[in-house]
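Worksheet: the structure to be examined is printed underneath.
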Amino acid sequence: MPTKERLYLFDTTLRDGAQTNGVDFTVADKLRVLSLLDRLGVDYVEAGYPGANPTDTQLFAEKHEAKARLTAFGMTKRPGRSASNDPGVAALLAAHSDAICFVAKSSAYQVRVALETTKEENLASIRESVEAAIAAGREALVDCEHFFDGFKEDRDFALACARTAYEAGARWVVLCDTNGGTLPHEVEAIVAEVVKVVPGTNVGIHAHNDTEQAVANSLAAVRAGARQIQGTLNGLGERCGNANLCSLIPTLLLKKDYAARFDIGVGEEALGELVHVSRTLDEMLNRAPDRHAPYVGESAFATKAGIHASAILKDPATYEHIAPEKVGNRRRVMVSDQAGRSNVLSELERLGVPVDKKDPRISRLLEEVKEREALGYSYEAADASFALLARRMLGSVPDYFAVERFKVNVERRYNAQGELVTVAEAIVKVKVDDETMISAAEGNGPVNALDVALRKDLGKYQPFISGLHLTDYRVRVLNGGTEAVTRVLIESADETGDRWTTVGVSPNIIDASFEALLDSITWKLLKEGAPA
Ligand SMILES: CC(=O)SCCNC(=O)CCNC(=O)[C@H](O)C(C)(C)COP(=O)(O)OP(=O)(O)OC[C@H]1O[C@@H](n2cnc3c(N)ncnc32)[C@H](O)[C@@H]1OP(=O)(O)O
Ligand SMILES: CC(=O)C(=O)O
C-alpha cells in the first residue's frame with residue numbers, strides 16, 4: 001500500500017471560535033477544550049491571543065502539557081517600529097507556546113485602507129515578525145488575512161506576502177478566506193497557483209463560512225495541494241463561523257478519496273468520540289446543539305419518511321452515507337404523519353414494547369398517530385407519549401391514579417413588604433385505589449404550581465416518582481386567532497439519568513400542559529414497574 005501523505009489539523013476554536021457572537025471562554029473552559037482537542041488528536045490548538053485580554057494572557061502565562069502544538073495568535077509587528085520594540089510581538093514571545101501564528105494582511109487594498117501603510121512596510125512586518133519568533137525558538141505560522149480577495153485584486157502582492165513568510169522561515173503559510181466570500185472552484189484555482197511559489201506541504205487553508213462553503217473550500221484547497229486545514233469545533237468563529245472540524249474530520253477519515261490518501265492524526269477510536277466532543281462544547285457554552293449538524297447532530301441519522309424507514313430496517317446502508325456509530329451517533333426512526341408501519345415497528349422495538357409484526361393493531365396505531373398529528377399532537381420527539389399510546393392500544397397500561405379535579409389560580413397582589421408580586425397556586429384532587437389525596441402548591445407559574453401539586457402526594461406511588469423532575473417545557477401555538485390550539489412538549493428526567501418527552505394538546509395551555517404532565521408521571525410509573 002502506498003504511504004499516505006500527512007494532512008495537518010489546526011484547531012482555532014479557542015481563538016477564532018472565541019470571536020463568535022455569544023461565546024465567552026474562561027481559562028478553565030479553555031483548558032477543558034484543550035484536553036478534548038488533545039484526545040481527539042488535532043495537531044495544533046490555537047488557544048488565544050496573549051496580550052489581547054486577561055483570560056488569554058493568563059492562559060499563556062504558564063506552560064500547559066499537551067500533545068498538540070499549543071499556538072499563540074497575534075498581529076505581526078506594527079509598521080514604523082522594529083519587532084523588538086513592538087508590545088504585541090513582545091507579548092507573543094513572552095507567552096508559553098510551541099508555535100506563534102501571526103496574522104498579516106495579504107491584500108494591497110487592506111494594507112492601504114486598514115493598515116494605512118505601504119506594501120513594502122507590510123512585507124517587512126511579516127519578515128521581521130517571523131524571524132523574531134524563530135529566533136525565540138518557536139515554530140512560526142502566518143495567517144495571510146484576506147488572501148483570496150487580495151489575490152484577485154493584486155496577485156503579485158498576495159503571492160509576495162506568502163513567499164516572504166515562507167522565505168523568512170514560517171512553517172506554515174495559511175491562506176485565509178477572511179470575509180468568507182470565495183467559492184470552491186476559486187479556492188482550488190488560487191491554491192494551485194500558490195503551491196507553485198510555496199510548497200503545498202507548507203500551505204494551509206483558513207476558511208470562513210459566509211457562503212456556507214467553508215468545509216468545501218477547505219477540501220478544495222487540499223485537492224489543490226494545501227496540507228494544513230484550520231477549523232473549529234461545531235464551526236464556531238467570527239460571523240458565520242469557520243470550517244467545521246466536526247464535519248471535516250469524519251469526511252477526511254471516512255470518504256474514500258481522502259481516507260486513502262491522507263493520514264490526519266485522528267484515529268478511529270477518537271472519531272467515535274466526535275458526538276461527545278461536539279455536545280460537551282455546546283454544553284460548556286450553554287448553546288443548544290444544532291440538531292441538523294452533519295455527522296454529529298441529533299437528526300443526522302434520523303429518518304421520518306415511511307419509505308426510508310422500511311428500507312433502513314432491511315439494511316441501514318439504503319439511506320445512510322456512513323454508519324452513525326462511527327462518529328458516536330445513533331440511528332433514529334421517528335413516528336409521525338410521514339411514517340409507515342416500519343417506523344412504528346422500529347420505534348416500538350427501541351422502546352421495548354413487545355409486538356408481533358403482523359398484529360393488525362400496528363396499522364390501527366399508525367392511523368391513530370396520523371389522526372392525532374392532524375389535531376396538533378407531534379410524536380417525533382414525544383417518545384414516552386407514543387409508547388403510552390401504543391401500550392394503551394395493546395392494553396398494557398394500568399390506571400394507576402385518577403385526577404378528580406384541579407384548580408389553578410394566578411393572582412397579582414401586594415405582598416407583606418408592599419411589593420407587587422404574581423403568585424400561582426394549584427390544588428389537585430387525586431384518587432389512588434380508594435384513597436383520595438388533596439394537595440396544594442405554589443409555583444413560579446401556573447404549570448409549575450400544578451406540577452408540584454400533582455407530584456406532592458400520589459399515595460403508594462410516591463416513592464416511584466421521587467426522582468422525577470422536569471427538564472424542559474416547550475409551547476407552540478399551532479394556528480393563530482381564536483381557534484388556536486396549543487401544543488406542549490415536556491421533557492422529564494429521573495435519578496438514573498433517563499430522559500423522556502411527553503406531549504399534550506388543547507386550546508387551553510393549562511390543559512395541554514396537564515396532559516403532558518400526566519403522561520410523564522404515568523411513563524415513569526410504567527418504567528419503574530409500579531404495581532397497578
Ligand atoms: C481576521 C481575524 O480574525 S484577525 C483576529 C482579530 N482578533 C481580534 O481582534 C481579537 C482581539 N483583539 C483585541 O483585543 C484588540 O483588537 C487588540 C488588543 C489586538 C488591539 O487593540 P488596539 O490596540 O486597541 O487596536 P484596534 O483593535 O482598535 O485596532 C487594530 C490596530 O491594529 C492594526 N492591525 C491590524 N492588523 C494588523 C496586522 N496584521 N499587523 C499589524 N497591525 C495590524 C490596525 O491597523 C489597527 O491599527 P490602528 O490602531 O493604528 O488603526
Ligand atoms: C486570521 C483569520 O482569522 C482570518 O483571516 O479569517
Side-chain angles (χ1 to χ4, degrees), residues 10-21 23-25 44 46-57 59-60 71-83 85-92 95 100-119 121-130 132-133 140-151 158 161-162 164-165 170 172-182 187 204-210 213-214 217-218 221 228-232 235-243:
F10 180 107
D11 182 279
T12 180
T13 305
L14 300 175
R15 196 281 296 172
D16 211 320
Q19 294 170 220
T20 315
N21 188 350
V23 165
D24 197 11
F25 293 107
Y44 293 82
E46 187 170 63
Y49 191 154
N53 58 67
T55 302
D56 288 0
T57 303
L59 181 88
F60 284 101
T71 307
F73 174 91
M75 290 187 278
T76 49
K77 78 161 188 70
R78 299 214 186 194
R81 60 176 71 164
S82 66
N85 236 346
D86 186 289
V89 174
L92 285 169
I100 293 175
C101 183
F102 291 106
V103 58
K105 309 275 182 219
S106 55
S107 138
Y109 160 72
Q110 296 283 343
V111 167
R112 191 178 71 250
V113 175
L115 288 191
E116 299 176 81
T117 187
T118 61
K119 295 181 191 175
E121 270 281 3
N122 189 64
L123 293 175
S125 288
I126 295 174
R127 186 170 45 249
E128 288 175 36
S129 305
V130 169
L141 297 89
V142 176
D143 273 357
C144 292
E145 204 189 355
H146 302 287
F147 186 84
F148 294 92
D149 297 332
F151 186 96
C161 293
T164 300
W172 292 103
V173 177
V174 183
L175 313 178
C176 300
D177 186 26
T178 305
N179 294 0
T182 313
V187 169
I205 175 78
H206 173 109
H208 277 273
N209 206 26
D210 301 67
Q213 307 291 332
N217 280 344
S218 305
Q228 186 203 86
I229 299 180
Q230 296 200 349
T232 56
L236 292 185
E238 183 94 4
R239 301 183 309 277
C240 311
N242 284 89

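Both counts, for ligands and for their atoms, begin at 1 and track the order of listing.
Below 4.0 Å from some heavy atom of K77 lie the following atoms of ligand 1, by number and element: 41 (C). Atoms of ligand 1 found under 4.0 Å from any heavy atom of Y49, numbered from 1 in the order shown, are 11 (C), 19 (C). Set against the non-hydrogen atoms of F73, the atoms of ligand 1 under 4.0 Å away are 4 (S), 5 (C). Using a 4.0 Å cut-off to heavy atoms of T76, the atoms of ligand 1 that qualify are 38 (C), 39 (N), 40 (N), 41 (C).
Of all the heavy atoms of S125, none lies under 4.0 Å from any atom of ligand 1, so neither backbone nor side chain is involved.
Taking a distance limit of 4.0 Å, we find that atom 16 (O) of ligand 1 is approached by no protein heavy atom.
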May I have the N/O to N/O pairs between ligand 2 and the protein that fall below 3.5 Å, each with atom names and distance to one decimal?
{"from": "ligand 2", "atom 1": "3 (O)", "to": "R15", "atom 2": "NH1", "distance (Å)": "3.3"}
{"from": "ligand 2", "atom 1": "3 (O)", "to": "R15", "atom 2": "NH2", "distance (Å)": "2.9"}
{"from": "ligand 2", "atom 1": "3 (O)", "to": "D16", "atom 2": "OD2", "distance (Å)": "3.0"}
{"from": "ligand 2", "atom 1": "3 (O)", "to": "H206", "atom 2": "NE2", "distance (Å)": "3.0"}
{"from": "ligand 2", "atom 1": "5 (O)", "to": "T178", "atom 2": "OG1", "distance (Å)": "2.7"}
{"from": "ligand 2", "atom 1": "6 (O)", "to": "H206", "atom 2": "NE2", "distance (Å)": "3.2"}
{"from": "ligand 2", "atom 1": "6 (O)", "to": "H208", "atom 2": "NE2", "distance (Å)": "3.0"}

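Without hydrogens or angle criteria, D86 side chain to A90 main chain gives no donor-acceptor distance under 3.5 Å.
By the 3.5 Å distance cut-off applied to N or O atoms, T178 is not counted among the residues near ligand 1.
In this structure, E238 does not count as a contact residue of ligand 1, since none of its heavy atoms falls inside 4.0 Å of the ligand.
With atom 1 (C) of ligand 1 as the reference point, the heavy atom nearest to it among E145, R239, R15 is part of E145.
By the side-chain contact (heavy atoms from CB on, under 4.5 Å) test, R127 pairs with A124, E131, T164, A168, sequence neighbours left out.
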